[in-house]
Structures are given as C-alpha cells and as structure tokens.
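The chains referred to below are lettered A, B, ... by the order of the sequence lines, with proteins before strands, and numbering in each begins at 1.
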Amino acid sequence: MDEIRSNKIKEIEEIRKLGVNPYPYAFDVKDKISQIRERFNNLTNGQKDESASLSIAGRVMAVRYQGKSIFFVVQDSTGQIQGYLNVSVGTDKFEFFKDHIKVGDFVGIKGFPFRSHTGELTVFAADYQLLSKAIRTLPEKWHGLTDKEKIYRQRYVDMTVNRESFNRFKSRYEIIRMIREFMNDEGFIEVETPILQFVTGGATARPFITHLNALDIDMYLKIAHELYLKRYIVGGFDAVYEIGKCFRNEGIDYKHNPEFTMIECYRAYVDYNYMMDLTERLVSYVIEKVNGTTKIEYQGKPVDFSRPWKRVKMRDYIKDHLGVDILEDPDDKMIKILKDHDALPEIMERGHYIEKLWDLVEDTITNPTFLLEHPVEISPLAKRHREDPRVTERFEVIVLGNELANAFSELNDPVDQRERFEAQAALRNSGDKEAQMMDFDFLRAIEYGMPPTGGLGIGIDRLVMFATNAATIKDVIAFPLIKPENFDKSGMEIEE
RNA sequence: GGGCCAUUAGCUCAGCUGGUAGAGCAACUGACUCUUAAUCAGUAGGCCGCAGGUUCGAAUCCUGUAUGGCCCA
C-alpha cells in the first residue's frame with residue numbers, strides 16, 4: 001500500500017466526519033455532455049443561459065484552482081466539458097470541493113451553461129455532489145498511459161485516459177449490434193450452442209480441455225459453432241446464427257487470442273453462392289457504416305471493400321504463383337517447393353502441404369478476395385463441388401493476407417461425411433492434434449436428413465480490426481489474454 | 001521457436017567511460033475569482049523487474065530469469 005493511497009483512505013474518513021458520504025447510491029443524470037455541446041454551441045463568449053437546468057455526472061479529469069473559483073473538466077461516456085464553481089455554491093461546499101474533489105473522482109453537477117471569456121463552453125455548478133472518491137491517481141494528463149502492458153492489464157485505466165481506446169470499444173459493440181440487425185433483417189434467428197462439449201469440431205484447431213466434476217469426465221471448450229448450428233438446421237430451423245466466443249488452444253500473436261468472437265450462420269436451401277453474396281453485403285455494410293466509405297486505409301495500406309470482390313480459385317492462384325498444381329501434381333513436387341521456401345509442415349500429409357503452399361502466397365492478396373474451391377482433404381465439412389469432386393464448394397475471404405471469413409455449401413451427404421471424418425480420424429491417430437474429431441451424434445443428425453444448406457463464419461475481432469484500423473487483436477479485445485502478473489505456488493494471485 | 005528492444009517515483013522519462021538516485025506531471029501544504037499542460041512558493045515520495053556474478057564500490061558491466069513490445073518462422 002503506497003503513501004498516496006493510505007493518505008486517500010484517511011481523507012475518506014475525514015469526508016465521512018464532515019457528514020458527506022464518499023460513496024452515495026445514485027444521481028439523477030439528465031444530460032449527456034455531447035448533447036450539451038451541441039445544444040449550447042451558439043452561446044457567445046461571456047454569454048450564459050440560466051434558463052437551462054442541466055444535470056451531468058462523470059469523472060473529474062482535471063482541476064484548475066483559481067482562488068475563489070475553480071475550473072474542472074468532467075468526462076462522461078460521450079465526451080468532456082469544463083465545469084466552473086465559485087463561492088456562490090456556498091462556503092462549505094466550495095471549501096469541500098477545493099479540499100476533497102480531485103482528478104479521478106466521480107461527481108454529479110447541477111447548473112446552467114455559459115461560455116467563458118476565453119471561449120470554453122462551461123457548466124456553471126449551482127450545486128454538485130461527490131459520487132465516488134478514487135484512492136489511486138490516474139496517469140498524468142499530458143502523456144497519458146502508453147505502456148502497452150499496462151494498457152492491456154489495466155484496460156479500465158486505458159479506457160479512461162485514452163479516449164480513442166474507449167471509442168474503439170464503443171465501435172466494436174456498435175458493429176456487433178449492426179451485425180445482429182443485419183442478420184435479423186435477413187431472416188436469421190439468433191440461437192445458442194454449448195460451450196462445454198464432449199466432442200468438439202467445426203474447425204481445424206486444438207481445443208482447450210476442462211473437467212466436469214459432476215460426471216468426472218474431461219470436456220472441451222468449443223472451437224467453432226458449426227456442428228451444433230447445423231443440428232438446428234436438421235431440426236427444422238430455416239436460418240440461424242450465433243455470435244459468441246470460441247476457444248483455441250494455440251499461439252498468441254497480433255492476430256490470435258485464445259478466446260475470440262465469431263459469427264456463424266446457416267441457411268437451408270441455399271449454397272455458397274448465396275453466402276458469398278451475404279458476406280459481401282454484410283462486411284461492406286459494416287465497413288461503410290463505421291468509416292463512411294468502403295475504401296479504407298488499414299495500417300497505412302489502402303483496402304477497398306467495395307462490391308463486387310475479386311474471386312480466385314485456390315488451385316489457380318497457387319499454380320500461378322508457385323507453378324504447382326495442388327490437384328494433379330504429386331506430393332514430391334509440393335514438398336520440393338516447400339523445402340525451397342523452408343516451409344515444410346510438421347505433419348507430412350498432402351493436406352498440410354496444400355495449407356503451407358497457400359500460406360506462401362496469401363500475403364499477395366490485399367483487397368477482399370474470395371478464395372474458392374479448396375481441395376476436399378482440407379475441407380472435411382464442405383460439400384464436393386458440383387463440377388469437380390476433388391474440390392469443395394468452399395470459399396474464404398482474404399484481406400491483406402488474413403482470413404476474414406470461411407464458408408461453404410455444407411456437406412449433407414451422411415456417407416461422404418462419415419468418410420471425411422474417418423480420414424480426419426486417421427490423421428488424428430497419426431499425431432495430428434488439429435485434425436477433426438469423429439462426431440457420431442453429428443453424423444446421426446445428418447443421417448436423419450439435412451436440407452441443402454449454406455454456412456458462413458466471420459471472425460468478429462478481425463472485422464473490427466479492419467473497421468477501426470486496429471494494429472493488433474489485443475486492441476479490439478477489451479481484456480485480452482495476458483500472463484498473470486504474480487502468482488504464488490497455490491495459484492492465487494498476489495496483489496501487486 | 002529465433003532475433004532485437006524495454007523494465008528507474010502513481011504516470012511519462014533522464015541518469016555518459018562504475019563513485020551516496022533526478023526531472024516534469026500527479027500527490028501533500030499554502031497563495032490567487034475566466035482558467036484550460038493554469039501560474040507561483042514549499043513538502044514528501046525509490047527493493048532502479050527478480051536472482052546470481054565481477055568489483056573496494058553496480059541502476060550502470062556480465063550471466064540467468066520473469067513480464068511486455070517489435071520483427072522473423
């Protein structure tokens with residue numbers, strides 16, 4: 001416990017002795033700061049509007065004492081405004097403010113607006129109330145909080161003092177609301193699926209393992225929404241979507257967080273062509289809503305989300321860039337190219353060669369591009385292409401070398417699906433921990449019959465990164481995964 | 001996984017070839033009735049990330065380690 005905090009705690013006792021509750025229960029907030037700024041923008045220097053009775057609340061971000069008057073800055077969720085207080089509030093209240101209202105505290109202000117001689121729109125505090133006393137000091141106003149580690153560990157401070165961070169999270173949740181509205185208007189119903197699963201699938205990824213005490217059995221955290229959403233389609237839902245967390249026990253870097261948010265949607269009686277159209281409309285809608293245009297700049301690079309997006313076939317793209325045909329050339333040729341690029345996969349299987357070959361060329365794509373028709377062996381849940389059974393009716397959306405979306409005409413042939421699962425199981429048995437698990441219940445479900453269905457998944461975090469020009473996924477996840485600061489041997493966190 | 005960088009007061013940072021740890025802001029005391037990085041005078045605040053080593057002496061040099069960042073795979 002440092003000196004500043006122990007002094008503040010003593011001060012709180014003094015405040016209580018003065019008969020003031022440092023932590024009262026509520027305040028009747030009637031106005032938002034941004035609205036006050038708009039409403040009284042026409043006040044001229046020195047002009048006041050005593051007829052307007054304002055009531056605001058927020059955090060004190062600066063205080064400037066000026067003898068028998070005090071200027072201060074209040075911040076609410078919409079912005080900041082200057083407050084002004086002088087002895088007209090009453091001697092006791094004036095002295096109390098001077099002695100005990102400090103940067104970081106929350107206050108409620110009742111008063112009227114005026115514009116100072118120097119042109120600052122200000123709320124004259126006819127009365128005020130302390131709403132919460134802080135015992136830690138905020139970072140200084142000039143440099144703010146810049147230490148990345150502190151920004152992630154103490155996001156509440158980052159949000160408070162770095163308003164661009166606060167606004168980025170506001171945008172994130174506006175985007176999620178937009179997506180919901182868009183999907184609802186499109187006729188989808190929002191549903192839920194289990195996070196705790198005995199068998200998990202729908203993606204090529206390593207899951208988290210947890211333990212269910214009640215049954216004394218290990219379980220997985222979901223890696224995708226897919227297989228349960230398709231069960232809804234089997235059960236008769238026409239169109240469903242879910243926005244929720246998925247968990248993958250893999251690396252952490254600027255584009256991966258172990259838990260992340262994904263929207264997946266499934267619609268009966270459509271194929272991947274519908275999903276391409278839907279993806280284009282949804283993503284360009286979000287980008288335009290947030291930025292006012294579909295031609296944005298991401299981290300200094302121009303990206304054009306305007307429709308229609310380019311379409312390329314995976315086979316053609318790799319052939320054009322690396323001179324190898326992923327459908328017809330033998331494994332040896334692929335291995336040689338991978339060796340030349342020092343990019344051999346850990347698991348020596350054809351599917352992994354193809355993935356690695358794609359990794360070598362994906363960075364050459366900048367504008368949103370539909371990557372089409374992935375080979376069957378890397379797409380165990382996608383339906384075979386109607387014209388070429390070696391590939392699937394699948395697409396990914398690639399933006400600046402990053403996968404933003406993944407979709408296909410869903411495989412609903414239960415015999416083919418069983419064979420695909422068996423191929424995955426064989427990979428799993430040979431040590432591929434990311435290969436998909438055999439899901440007998442899912443097979444049983446589609447054996448009862450699943451209509452032709454189109455499915456789509458979009459990474460919400462990635463989309464928000466593009467929409468808000470965020471450099472890393474940690475900037476769009478409010479509380480990203482970061483190693484704990486201090487743990488003792490029992491695993492309990494120690495305070496500072 | 002590899003490389004580079006950072007870690008010093010609540011925050012942002014100085015601290016040179018090794019010689020008793022500094023500033024600004026914040027905090028605390030006081031002055032000031034239109035300030036806005038307010039100003040002015042004063043006070044207090046440090047396990048120099050952690051552990052070893054070299055040395056008469058280490059924030060500084062060396063080794064290891066932790067955490068974070070950036071780049072590469």
Checklist entry - Whole Å only: how far is the CG atom of Leu145(A) from the C1' atom of rC25(B)? => result 14 Å

Checklist entry - Think Lys141(A) has a side-chain N or O under 4.0 angstrom from the OP1 or OP2 of rA37(B)? => result no

Item to check | Separation between the C1' atoms of rC48(B) and rC13(B), rounded to whole Å | outcome: 13 Å

Checklist entry - What is the distance from NE2 of His143(A) to C1' of rA37(B), rounded to the nearest Å? => result 10 Å

Checklist entry - Counting just side-chain N and O atoms, does Gln66(A) come under 4.0 Å of either OP1 or OP2 of rC34(B)? => result yes

Checklist entry - Would Ile252(A) and Lys474(A) count as a side-chain contact (heavy atoms from CB on, under 4.5 Å) if you check the C-alpha gap in whole Å, the side-chain angles of each, and the deciding distance to 0.1 Å? => result CA-CA 10 Å; Ile252(A) 301 171; Lys474(A) 284 186 166 73; 3.7 Å; yes

Checklist entry - Taking the side chain of Glu140(A) as heavy atoms from C-beta outward, which of rC32(B), rU35(B), rC25(B) is closest to it? => result rC25(B)

Item to check | C1' atoms of rC62(B) and rG24(B), separation to the nearest Å | outcome: 34 Å

Checklist entry - At under 4.0 Å, does any side-chain N or O of Arg64(A) touch on OP1 or OP2 of rU35(B)? => result no

Checklist entry - Base, sugar-phosphate, or nothing: which does Asp342(A) touch, judged by heavy atoms less than 4.0 Å apart? => result sugar-phosphate

Next on the checklist: Which nucleotide wins on minimum distance to the side chain of Thr137(A), given the candidates rG24(B), rA26(B), rG68(B)?
Outcome noted: rA26(B)

Item to check | Inter-nucleotide P distance (rG68(B), rA59(B)), Å rounded | outcome: 26 Å

Checklist outcome for this item: To the nearest angstrom, the CG-P distance between Asp158(A) and rC11(B) comes to 14 Å

Next on the checklist: Going by purine N1 to pyrimidine N3 plus the second Watson-Crick contact, or the G-U wobble pair, all under 3.5 Å, which nucleotide sits opposite rA51(B)?
Outcome noted: rU63(B)

Next on the checklist: For rC11(B) and Lys150(A) - does any side-chain N or O of the residue sit under 4.0 Å from the phosphate oxygens OP1/OP2?
Outcome noted: yes

Checklist entry - Tell me: CD1 of Ile4(A) to C1' of rG45(B), nearest whole Å? => result 7 Å

Checklist entry - Quantified in whole Å, what is the C1' atom distance between nucleotide rC32(B) and nucleotide rA14(B)? => result 33 Å

Item to check | Gln154(A) CD - rU67(B) C1' separation (whole Å) | outcome: 14 Å

Next on the checklist: Expected output is a numbered-order residue list: members of residues 84-110 of chain A with a heavy atom under 4.0 Å from any atom of RNA chain B. What is it?
Outcome noted: Tyr84(A), Val87(A), Lys102(A)

Next on the checklist: Looking at Lys93(A) and Asp127(A), is any side-chain nitrogen of the basic one under 4.0 Å from a carboxylate oxygen of the acidic one?
Outcome noted: yes

Checklist entry - Between rC32(B) atom C1' and Lys68(A) atom NZ, what is the distance in whole Å? => result 8 Å

Checklist entry - When you measure from the side chain of Arg394(A) to the backbone N and O of Ile378(A), does any donor-acceptor pair fall under 3.5 Å? => result yes

Item to check | Whole-Å C1' distance, rC61(B) and rU55(B) | outcome: 10 Å

Checklist outcome for this item: Checking rC70(B), rU67(B), rU35(B) against the side chain of Glu120(A) (C-beta onward), the nearest is rU35(B)

Checklist entry - Pick the nucleotide of RNA chain B nearest each of Glu11(A) and Leu481(A); which residue has the one closer to the 5' end? => result Glu11(A)

Checklist entry - Base, sugar-phosphate alone, or nothing: which one does Lys474(A) contact when heavy atoms must sit under 4.0 Å apart? => result sugar-phosphate

Item to check | Base partner of rC28(B), which must satisfy Watson-Crick or wobble distances under 3.5 Å | outcome: rG42(B)

Checklist entry - What nucleic acid atoms does Tyr254(A) come within less than 4.0 Å of, heavy atoms only: base, sugar-phosphate, or nothing? => result nothing

Checklist entry - Could you give the NE2-to-C1' distance, from His341(A) to rC72(B), as a whole number of Å? => result 16 Å

Checklist entry - Between Asp325(A) and Arg315(A), is there a side-chain N and carboxylate O pair less than 4.0 Å apart? => result yes

Checklist entry - Looking for any heavy atom pair under 4.0 Å, which part of the strands does Ile482(A) touch: base, sugar-phosphate only, or nothing? => result sugar-phosphate

Item to check | Atom-pair distance (CD1 on Ile70(A); P on rU39(B)), nearest Å | outcome: 17 Å

Item to check | No-H, no-angle donor-acceptor pair, Glu149(A) side chain to rG69(B) base, under 3.5 Å | outcome: no

Checklist entry - Passes side-chain contact (heavy atoms from CB on, under 4.5 Å), Lys68(A) versus Asn86(A)? Steps please. => result CA-CA 6 Å; Lys68(A) 300 259 181 307; Asn86(A) 63 21; 5.9 Å; no

Checklist entry - What nucleic acid atoms does Phe114(A) come within less than 4.0 Å of, heavy atoms only: base, sugar-phosphate, or nothing? => result base

Checklist entry - Do Glu250(A) and His256(A) have side-chain N/O donor and acceptor atoms under 3.5 Å apart? => result no

Checklist outcome for this item: Contacts of Gly119(A) and Asp147(A) projected onto RNA chain B by closest heavy atom; the upstream (5') one is Asp147(A)

Next on the checklist: As a test of reading the structure: which of rA27(B), rA44(B), rU35(B) is closest to the side chain of Lys8(A), going by heavy atoms?
Outcome noted: rA27(B)

Item to check | Separation between the C1' atoms of rU54(B) and rC70(B), rounded to whole Å | outcome: 32 Å

Item to check | rU63(B) and rC16(B), which share atom name C1', separated by this distance in whole Å | outcome: 24 Å

Next on the checklist: Can you tell me the base-pairing partner of rU36(B)? Count Watson-Crick or G-U wobble geometry only, both distances below 3.5 Å, and say none if there is no partner.
Outcome noted: none

Item to check | Glu14(A)/Lys17(A) under salt bridge (Lys or Arg N to Asp or Glu O under 4.0 Å): CA gap, chis, key distance, verdict | outcome: CA-CA 5 Å; Glu14(A) 289 166 30; Lys17(A) 279 183 195 139; over 6 Å; no

Checklist entry - Can you list the steps and then say if Phe97(A) with Phe72(A) is a ring pair (Phe, Tyr, Trp, His ring centres under 6.0 Å)? => result CA-CA 11 Å; Phe97(A) 197 107; Phe72(A) 55 100; 4.9 Å; yes

Checklist entry - Within the distance-only criterion (no hydrogens, no angle test), does the side chain of Asn257(A) pair as donor or acceptor with the backbone N or O of Leu481(A) below 3.5 angstrom? => result yes

Next on the checklist: As a test of reading the structure: which of rU35(B), rU67(B), rC32(B) is closest to the side chain of Tyr65(A), going by heavy atoms?
Outcome noted: rC32(B)

Next on the checklist: Mind checking if Thr146(A) touches a base, just sugar-phosphate, or nothing, with heavy atoms under 4.0 Å?
Outcome noted: sugar-phosphate

Checklist outcome for this item: Paired to rG68(B) by Watson-Crick or G-U wobble criteria (both distances under 3.5 Å) is rC5(B)

Checklist entry - So is Lys245(A) actually on top of Phe260(A)'s ring, under 6.0 Å and inside 45° of the axis? => result no

Item to check | rU60(B) to rA21(B) separation - P atoms, rounded to the nearest Å | outcome: 13 Å

Checklist entry - Are Lys133(A) and Glu11(A) ion-paired here, with the side-chain N under 4.0 Å from a carboxylate O? => result yes

Item to check | Watson-Crick/G-U partner (both atom distances under 3.5 Å) of rA21(B) | outcome: none

